[in-house]
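What's counted below: heavy atoms across the whole structure, side chains too, no hydrogens, waters or symmetry copies. All figures in this text were calculated on a predicted structure; none of them were measured in a lab. Naming: A, B, ... by sequence-line order, numbering from 1 per chain.
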2 protein chains.
Amino acid sequence: MAEAHDMLFRTLADPTRRALFERLCREGEKTVGALTAQAGVSQPVVSKHLALLKQAGLVRDRHEGRQTHYSAQLDALAPLVDWTSQMAGFWQSRFDRLEDLLKRMDQ
Amino acid sequence: MAEAHDMLFRTLADPTRRALFERLCREGEKTVGALTAQAGVSQPVVSKHLALLKQAGLVRDRHEGRQTHYSAQLDALAPLVDWTSQMAGFWQSRFDRLEDLLKRMDQ
DNA sequence: CGGCAATATATGTTTATCCGTCTATATATC
DNA sequence: GATATATAGACGGATAAACATATATTGCCG
């Protein structure tokens with residue numbers, strides 16, 4: 001049962017990796033070189049993190065000449081939103097049932 | 001810069017721990033014993049995970065006699081929602097700026 | 001063609017973190 | 001004294017992050 005949530009949480013749990021993703025969200029498409037310049041880690045490491053982000057569907061790559069441009073793929077956050085609202089939903093429905101119960105007890 | 005996001009993502013990244021939280025969301029308040037019975041791991045491990053969840057603000061505990069009841073604390077998911085919408089917001093604003101630019105170029 | 005630039009990928013290694021076990025033990029509470 | 005939970009220790013194993021380095025690939029350019 002290793003679902004999408006699992007990979008998402010795991011992928012975003014690493015600070016270096018999440019920082020890369022955040023930068024792509026803030027600043028839009030960036031080349032590996034540009035990302036490496038401010039990532040504080042070596043280029044191979046950046047490439048590896050980008051590969052993982054891509055595997056999780058969080059980024060897309062676009063080749064242009066000898067450069068690769070990466071950009072955030074926001075749709076990939078949907079499972080995260082779903083999960084969150086599902087959790088909130090469970091809570092809410094339990095709350096509703098409680099309210100319901102109290103209402104019936106009141107009568 | 002180890003913010004709330006960091007702890008949240010890290011805490012929810014572990015499947016066992018996330019499963020505990022999900023169960024508390026779905027089924028409401030549970031004792032450690034009840035959680036242990038279906039967690040597939042030993043009681044000390046369950047207690048440790050609960051302690052981490054509590055540290056992240058994701059659960060609350062309530063002592064009743066010799067039992068401890070845990071319940072999900074949904075407010076703790078707020079930073080997660082904030083982060084997500086922030087990322088979406090960055091994306092959106094970049095999109096807006098692009099639209100703006102195109103509009104001006106059109107004139 | 002030759003060579004440099006940008007990136008991906010593979011290696012070997014080190015280090016660190018984390019999860020789990022089992023086994024206490026401390027602390028309440030019943 | 002038995003029960004429920006928390007906490008701690010020693011331990012093993014898995015995972016993962018980082019380094020450094022090397023190399024393969026591809027594209028650009030002279």
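- Between A:R10 and B:D14, none of the side-chain N atoms (NZ, or NE/NH1/NH2) sits under 4.0 Å from a carboxylate O, so this pair counts as no salt bridge.
- Atom CZ of B:R62 is separated from atom P of D:dA6 by 13 Å (rounded to the nearest Å).
- When rounded to the nearest whole Å, the span between CZ of B:R18 and P of C:dC19 equals 12 Å.
- A heavy atom closer than 4.0 Å to some atom of DNA chain D occurs in A:V41, A:S42, A:P44, A:V45, A:H49, these being the qualifying members of residues 31-56 of chain A.
- Applying the ring-ring contact (aromatic ring centres under 6.0 Å, His included) criterion to A:F9, with sequence neighbours excluded, gives A:W83.
- OP1 and OP2 of D:dA4 both lie 4.0 Å or more from every side-chain N or O belonging to B:Y70.
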| query | How does protein contact run along nucleotides 25-30 of chain D, one letter per nucleotide 5' to 3', with B for base contact, S for sugar-phosphate only, - for none, heavy atoms under 4.0 Å? | reply | --BS--
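- Two residues are said to be in side-chain contact when any heavy atoms from C-beta on lie closer than 4.5 Å; B:L80 and B:H5 fail this criterion.
- When the side-chain nitrogen and oxygen atoms of A:R17 are compared with OP1 and OP2 of D:dA16, none of them lie within a distance under 4.0 Å.
- Side-chain atoms of B:H69 and B:K30, non-hydrogen and from C-beta on, never get closer than 4.5 Å to each other.
- In this structure, the side chains of B:V59 and B:Q73 stay at 4.5 Å or more apart for every pair of heavy atoms.
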Just the table, please: protein N/O against nucleotides 14-16 of chain C N/O, every pair under 3.5 Å.
none

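- Regarding B:D14, its CG atom lies at a distance of 10 Å from the C1' atom of C:dG20, rounded to whole Å.
- Between the CG atom of A:L12 and the P atom of D:dA17 there is a distance of 12 Å, given to the nearest Å.
- Rounded to an integer number of Å, the gap from A:R10 CZ to D:dA16 P is 6 Å.
- Closest heavy-atom contact between B:P79 and B:L8: CB-CD1, 3.8 Å.
- Looking at heavy atoms from C-beta onward, A:K54 lies out of side-chain contact with A:R60 at the 4.5 angstrom threshold.
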Enumerate, atom names and distances included, each donor-acceptor pair closer than 3.5 Å involving a side-chain atom of residues 36-52 of chain B, sequence neighbours excluded.
unit_1: B:T36; atom_1: OG1; unit_2: B:V32; atom_2: O; d: 2.8
unit_1: B:Q43; atom_1: NE2; unit_2: B:S47; atom_2: OG; d: 3.2
unit_1: B:H49; atom_1: ND1; unit_2: B:R17; atom_2: NH1; d: 3.3

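- Atom CD of B:Q67 is separated from atom C1' of D:dT5 by 10 Å (rounded to the nearest Å).
- Not counting sequence neighbours, A:R26 has no partner by the side-chain hydrogen bond (donor to acceptor under 3.5 Å, both in side chains) test.
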